[in-house]
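Since the structure comes first, as structure tokens, the remarks are kept for the end.
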Amino acid sequence: MAAAISSVVVVVLVVVLVLPAPSAASPSPYLSPATLVRNYQNMLSNFKIFVYTHPSNSKPFDSRFPAASLFYKSLLRSRFVTPDPAQAHLFFVPFSPHTSARSLGRIIRDLRSAYPYWNRTLGADHFFLSPVGIDFSSDRNVLELKKNSIQISLFPVVSGLFIPHKDITLPPLIPPRRTPPPENPTAPPSILGYLRWDGTRGVNFVSQMKGDPDFLVEELKSEGAGQEVLRRSRSSRFCLFVYGGGEAAWAWAVEAMREGCVPAVIVERPIQDLPLMDVLRWCDMAVVVEGGRVKEVLSGVSEEKWAEMREVGMAVAAKHLVWNAVAEEGAAAMDVFHMVMYQLWQRRHVVRYARRELSMLD
């Protein structure tokens, strides 16, 4: 499992398995390439998931959460779903993102009464999809769900709503590329750091960057990145975004990666919820840096290291951070949906929580 990335480091994205491979000199984008190749094929052949049905929990996700909605639809029509719970490695608990804590507690209570599977592990072999994450609760059933089951939510997750090494985050859903990927630059980028800012977080250090000719700061527009924004991304060594700035900021970071701009994440605390963090070697793709040290850290990245990060990031963005309207099939299918499924496959050997750990909550 990937260790938490220090807040004093700089983050850049990584590359994936079967795609236009980076040059031999570039580092692997994977934490464990040999393990990934072997286990991924095993997952495609064997992984089975049982999906619960309940009158209150079958509502589809709405358009406010496109990535969560597409994951939900992709799961239901995938080869992984089985009607036989005896074959299942994991159990999926679907419920609307608008479900109250009280109603959620009732859903879990009904599942544990109608089926034998929850009580075997107190929900540790179950998972659920909640775009913003759920909080801890005094309700025993919701607490078991939060503490034991695997939560899938959108990156970034509000502090306190994500449990590292158990929970998973979804990359944002961004439009497919309409132009060919950029080639290696013939001249060094003219801008050190390019930031599209939402006007909220990091006011102090952003004001300093606005007066520095090495940085370009623009307001993050809700309509997304246009051609001019993509051109500026290609002209910049690093594309900055403030951690916690919401899904729109991260979506732009992924688009910037596709254009060959290395992401730099401005943080105030360690990051533990990066998408595909159990699979990709993020330290070779992105830079994580504290707000007060942005220029110092970015200026310290050598030309050779930056070129490696750029190459790896473009490869990863082209292969593993792609959402397909219909998820790919076959051994080479390593799009977002299948990489998230792989992270679930890694978690199928769950820790069995002892009943006495929750007995005080009765």
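Numbers for residues simply follow the sequence, beginning at 1.
- Between the side chains of Ser103 and Ser100, at least one donor-acceptor pair of N or O atoms lies under 3.5 Å.
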- Verify ring-ring contact (aromatic ring centres under 6.0 Å, His included) between Phe215 and Tyr194, making sure each step is shown before the conclusion. CA-CA 6 Å; Phe215 291 94; Tyr194 176 34; over 10 Å; no
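- Lys305 pairs by the side-chain contact (heavy atoms from CB on, under 4.5 Å) definition with Asp284, Val301, Ser302, Glu308, Met309, not counting sequence neighbours.
- In terms of hydrophobic clustering, with Ile, Leu, Val, Met, Phe, Trp and Tyr side chains grouped at heavy-atom distances under 4.5 Å, Phe162 and Val158 are assigned to a common cluster.
- For the pair Lys166 (side chain) and Ser149 (backbone), a donor-acceptor distance under 3.5 Å is present.
- Evaluation of the ring-ring contact (aromatic ring centres under 6.0 Å, His included) rule for Phe65 yields no partner, not counting sequence neighbours.
- In summary, Glu144 and Arg112 engage in a salt bridge, as defined by a charged side-chain N under 4.0 Å from a carboxylate O.
- Of the residues listed (Phe50, Phe127, Phe80), the one engaging Phe92 in a side-chain contact (heavy atoms from CB on, under 4.5 Å) is Phe127, and it is the only one.
- The residues Arg102 and Asp139 are annotated as not salt-bridged, no charged nitrogen and carboxylate oxygen being separated by less than 4.0 angstrom.
- Checking Asn39 against Thr35 by side-chain atom types alone, no donor-acceptor pair falls below 3.5 Å.
- One finds a salt bridge joining Arg237 and Glu303 here, because a Lys/Arg side-chain nitrogen approaches an Asp/Glu carboxylate oxygen to under 4.0 Å.
- The salt bridge (charged side-chain N to carboxylate O under 4.0 Å, His left out) check on Arg38 picks up nothing, with sequence neighbours excluded.
- The environment of Glu228 atom CD is dense: over 12 non-hydrogen atoms of other residues, nucleotides or ligands sit within 6.0 angstrom.
- Within the 4.5 Å cutoff, the side chain of Ile168 has heavy atoms near those of the Arg347 side chain.
- A donor-acceptor distance shorter than 3.5 angstrom exists from the side chain of Ser113 to the backbone of Arg109, with no hydrogens or angles considered.
- Pairing each heavy atom of Tyr243 with each of Ile271, the nearest pair is CD1-CD1, 3.9 Å.
- The pair Lys295-Asp214 counts as a salt bridge, with a side-chain nitrogen and a carboxylate oxygen less than 4.0 angstrom apart.
- A salt bridge does not link Asp84 with Lys48: every distance from a Lys NZ or Arg NE/NH1/NH2 to an Asp or Glu carboxylate oxygen is 4.0 Å or more.
- Looking only at side-chain heavy atoms (C-beta outward), Phe136 and Ile163 come within less than 4.5 Å of each other.
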- Query: Run the side chain to side chain contact (heavy atoms under 4.5 Å, CB included) check on Arg77 and Ser74 step by step: do they pass?
  - Reply: CA-CA 5 Å; Arg77 60 189 176 215; Ser74 299; 4.3 Å; yes
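- Between Gln87 and Thr82, the side chains place a donor N or O and an acceptor N or O closer than 3.5 Å (distance only, hydrogens not considered).
- Checked by atom type and distance alone, the side chain of Asp335 pairs as donor or acceptor with a backbone atom of His338 at under 3.5 Å.
- Using a 30° and 60° split on the angle between ring planes, Tyr52 and His126 fall in the parallel class, below 30°.
- Ile108 and Tyr117 fall within the same hydrophobic cluster, defined by Ile, Leu, Val, Met, Phe, Trp and Tyr side-chain heavy atoms under 4.5 Å apart, directly or through other members.
- Heavy-atom minimum distance, Ile134 versus Leu104: CD1-CD2, 4.2 Å.
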